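Given the structure is predicted, the values throughout are model-derived calculations rather than measurements. These values consider heavy atoms only, across backbone and side chains, with no hydrogens, waters or symmetry-generated copies. Naming convention: chains lettered A, B, ... in sequence-line order (proteins, then strands); numbering from 1 in each chain.
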There are 2 protein chains.
Amino acid sequence: MICEAAARLFRDKGYKSTSMRDLAREVRLKASSLYNHIQSKEEILQEICFDNARRFLEGMTEVEKLEASAADKIRALIRLHICIATNDVTSVTAFNDEWRHLSEPHLSEFKALRREYEQRFRLIIEEGVRLGELKPLHSTVALYTIFSSVRWLYDWFRTGKGISANDVERNIIRLLMEGMETDK
Amino acid sequence: MICEAAARLFRDKGYKSTSMRDLAREVRLKASSLYNHIQSKEEILQEICFDNARRFLEGMTEVEKLEASAADKIRALIRLHICIATNDVTSVTAFNDEWRHLSEPHLSEFKALRREYEQRFRLIIEEGVRLGELKPLHSTVALYTIFSSVRWLYDWFRTGKGISANDVERNIIRLLMEGMETDK
DNA sequence: CCTACCGATCGGTAGG
DNA sequence: CCTACCGATCGGTAGG
């Protein structure tokens, strides 16, 4: 309850702009009473960041197990990102934008998890290129382009403007896999 | 000078986490002396946000004048985003991440400029689809996918890991226009 | 350009 | 769960 309210505030105003008094008002307590439920402001941010990091890494493990082409694995990972965003937009947005306010050693630990996820994603791309299933793309460029392409959804689903998650998913996957331009 | 230092701090720590004492230290003044050069902390953020908004809109105006296909105009706009990022990464990152801390009426004014840019971009995509130069994509999905695909560069150029801007540009444009997957 | 200082607000604690 | 309060820090001003 407190954690959900905090995630919403962190997403809307940012971690630093959210005061414990803001959070207390939201859950109808006095600021001091929050500390019967949590240890500190940062502890909430830590939970948000590490819960989501875990979700992504678990999803990656599932995808790696698939007997599928690199292109299909990438499609599955794009769906993973969209699925996580759909299930808990608020939390994943805070995780995306506010992790840098973690203090050490949590910051370094978080960065290491992020890096691990990226590395495993990159391996899938590189294997696809090696096997000729993907065009000879620079793996880093491809990696970050995919990440970014689903990142805007975290803002999008929040305001939910009429397209269904399924439609968006299909469009993004097609765009990234087949491109925008018609064949000449 | 003050403005450049502020942009760097806003990018690295965020607007709210940057104190006027941080900024003063950076330019070797006392905090109070800053106010002989600037009016307020927010004024600096306003300059950063509106300068960049103007850059994007001017670039858009140039692209609209081109006698070219929709696909070529989109390629030109992708280059515009990358060009602006290359020329002043710091400022454009602050602009991207920190505009929400603007106060009214600047916040609404900024959002209006942003919306105008998006609308003009969307028109180009929709014309391309109508003329059959682009696949029948959902224009909003295409729009935000393009925006996001170049957004990560703002972080990338900052740490500059060995690929040239030209290489990155070519890779992103190819990926978005032709897709990742090889033809079957 | 500085010293000195303002009221407001911050995250958090003591004590009940 | 609250009242009362802490020291630290915030953006900014007065006055020279």
Given the rule in the ring-ring contact (aromatic ring centres under 6.0 Å, His included) test, do Phe95(A) and Phe50(A) qualify, once you have shown the distances and angles that lead to the verdict?
CA-CA 8 Å; Phe95(A) 149 85; Phe50(A) 287 97; 9.5 Å; no
Over how many whole Å does the gap from Leu23(A) atom CG to dC1(D) atom P extend?
13 Å
Rounded to whole angstroms, how far apart are NZ on Lys30(A) and C1' on dG12(C)?
16 Å
Sidechain N-carboxylate O distance under 4.0 Å for Arg8(B), Glu26(B)
yes
Name the nucleic acid region contacted by Leu29(B), choosing base, sugar-phosphate or nothing; use a 4.0 angstrom heavy-atom cut-off, strictly under.
sugar-phosphate
Which residues pass the side-chain hydrogen bond (donor to acceptor under 3.5 Å, both in side chains) test with Ser139(A), not counting sequence neighbours?
Glu126(A)
Going by an N to O cut-off under 4.0 Å, is there a salt bridge joining Glu181(A) and Arg75(B)?
yes
Once the angle between the rings of Tyr117(B) and Phe56(B) is folded into 0 to 90°, is it parallel (under 30°), tilted (30 to 60°) or perpendicular (over 60°)?
perpendicular
Applying side-chain hydrogen bond (donor to acceptor under 3.5 Å, both in side chains) to Glu47(B) and not counting sequence neighbours gives none
Please determine if Glu118(A) and Arg115(A) form a salt bridge, counting it only when a charged side-chain N lies under 4.0 Å from a carboxylate O.
no
Any side-chain heavy atom of Glu169(A) within less than 4.5 Å of one from Ile78(A)?
no
Examine Lys41(A) relative to Tyr15(A) and say whether NZ or CZ is less than 6.0 Å from the centre of the six-membered ring and inside a 45° cone about the ring axis.
yes
Charged N to carboxylate O under 4.0 angstrom, Arg151(B) versus Asp97(B)?
yes
Tabulated below should be each protein N or O lying under 3.5 Å from an N or O of nucleotides 13-16 of chain C; please produce it.
none

Kindly give the atom pairs (protein nitrogen or oxygen, nucleotide nitrogen or oxygen) under 3.5 Å for nucleotides 5-10 of chain C.
none

Could you state the atom-to-atom distance from CG of Leu34(A) to P of dC1(D) in whole Å?
10 Å
NZ/NE/NH1/NH2 to OD/OE distance under 4.0 Å, Asp22(B) and Lys13(B):
yes
Between dG11(C) atom C1' and Gln46(A) atom CD, what is the distance in whole Å?
15 Å
Does Thr182(A) use its side chain to pair, donor to acceptor, with the backbone of Glu133(B) at less than 3.5 Å?
yes
To the nearest angstrom, the CD1-C1' distance between Ile38(A) and dC1(D) comes to 15 Å
More 5' along DNA chain D: Glu42(B) or Arg28(A), using each one's nearest nucleotide?
Arg28(A)
Pairs counted only when both distances fall under 3.5 Å, Watson-Crick or G-U: show me the 5' to 3' dot-bracket for DNA chain D, [ ] for pseudoknotted crossings and | for other-strand partners.
||||||||||||||||
Are the side chains of Leu57(A) and Arg120(A) in touch, meaning some heavy atoms are under 4.5 Å apart?
yes
Counting only non-hydrogen atoms, which of residues 97-110 of chain A are less than 4.0 Å from DNA chain C?
none
